[in-house]
2 protein chains.
Amino acid sequence: MVHYQTRLDTTFAALSDVTRRGVLEQLGGSEASITDLAQRFHMTLTGMKKHVSILEQAGLVTTQKVGRVRTCKLGLRRLEEEAAWIERHRQLWSARFDALDELVEHLKCKEKADARTKKR
Amino acid sequence: MVHYQTRLDTTFAALSDVTRRGVLEQLGGSEASITDLAQRFHMTLTGMKKHVSILEQAGLVTTQKVGRVRTCKLGLRRLEEEAAWIERHRQLWSARFDALDELVEHLKCKEKADARTKKR
DNA sequence: TTTACAGTGAACCATATGGTTCACTATCAA
DNA sequence: TTGATAGTGAACCATATGGTTCACTGTAAA
């Protein structure tokens, strides 16, 4: 599905930035205002606002403005799709390398056997 | 560590493109040449070469050129770090939302109870 | 020995990204 | 009412990204 595709696109893109991953870690600990985050990551308010917007767009963060301060917290998306994608591919990987693993194992045994033969 | 950071950066960035995820899926099935991949994804050789290079850079793919054809296969990196990062944050999420979950559960129960009350 | 094929690299292009400054609005506090 | 504070939006900038074309190299095949 296209939706599924673009979803992974935007989430992985969101996660590909150090600052944004940092913001997520921060919000995992406690909520924070834009100002808080901007200070913690040595950035202008405008810059941080952009990052927060991107995270919000990806559903990873939700925000609420009360008075003049906008409070950010972790969003409802829990990276299920991303975890699933990665997990699926770790399995592909494994399947693909099982043969190799066996070969390596086989070679190791052969090595041992050869060593033993040599000794004699 | 900075290395750890840039590593996640490049991998997540590599994964944030539909074509590249597609290439990984493809290579999970079987090896392929640049030409194969370029055709399958309706792209010039040069374009596909770039994608492959990015995946190779991220350690997700390895290639070998024999004769005039370069064969691509899955690399040795199995997305451990990425899986770990995501898992860690799913836990953060959970911790943060346990209270919410309980609330939701409570509301569901209440709903059921209400429904039952209504029936009578 | 041509000729066709697979890949490569440089140059180019449009758009996206990560950041800034500056001018503005809205709100809180004195 | 007058500042100071928090955020927003537009404009701008440098660099990165995803793609192309074109000219080139090396290899395979006729």
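Convention: sequence-line order gives letters A, B, ...; per-chain numbering from 1. Reckoned from all heavy atoms, side chains included, excluding hydrogens, waters and symmetry mates. Source: prediction; values computed, not measured.
Annotation: side chain to side chain donor-acceptor pair (under 3.5 Å) contacts involving residues 45-54 of chain B, sequence neighbours excluded, comprise B:Arg20-B:His51.
Here the C1' atom of nucleotide D:dT20 and the CZ atom of B:Phe41 are 19 Å apart, to the nearest Å.
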Under 3.5 Å between N/O atoms: give me all the protein pairs with nucleotides 1-3 of chain C, atom names plus distance.
none

List every contact pair, protein side and nucleotides 25-28 of chain D side both N or O, where the distance is under 3.5 Å.
from   : atom 1 : to      : atom 2 : distance (Å)
D:dT27 : O2     : B:Arg68 : NH1    : 3.2

> Taking protein heavy atoms under 4.0 Å as touching, what does nucleotides 8-19 of chain C look like 5' to 3' if B marks base contact, S marks sugar-phosphate-only contact and - marks none?
Replying inline: BBB-------SB
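Take B:Gln39 and apply the side chain to side chain contact (heavy atoms under 4.5 Å, CB included) test, not counting sequence neighbours, and it matches B:Thr35.
Within 6.0 Å of atom CD in B:Glu87, more than 12 heavy atoms from other residues, nucleotides or ligands are found, so the atom counts as buried in its surroundings.
Of all heavy-atom pairs between B:Phe12 and A:Leu15, the closest is CD1-O, 3.5 Å. The two residues B:Met48 and B:Ile34 come nearest to each other via the heavy atoms CG-O, 3.9 Å. Closest heavy-atom contact between A:Phe41 and A:Val23: CZ-N, 3.6 Å.
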Indicate every side-chain donor-acceptor pair of residues 59-71 of chain B with a distance under 3.5 Å to a residue at least two apart or in another chain.
from    : atom 1 : to      : atom 2 : distance (Å)
B:Thr63 : OG1    : B:Glu56 : OE2    : 3.0
B:Thr63 : OG1    : B:Arg70 : NH1    : 2.8

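Between B:Arg77 and B:Glu82 there is a salt bridge, since a side-chain N of the basic residue sits under 4.0 Å from a carboxylate O of the acidic one.
Two residues, B:Thr71 and A:Met48, neighbour DNA chain C, and the one matched to the more 5' nucleotide by heavy-atom proximity is B:Thr71.
Side chain of B:Trp93 to main chain of A:Gly75: a donor-acceptor pair is present (N/O by atom type, distance under 3.5 Å, no hydrogens or angles).
A side-chain N or O of B:Asp36 and one of B:Ser33 form a donor-acceptor pair less than 3.5 Å apart.
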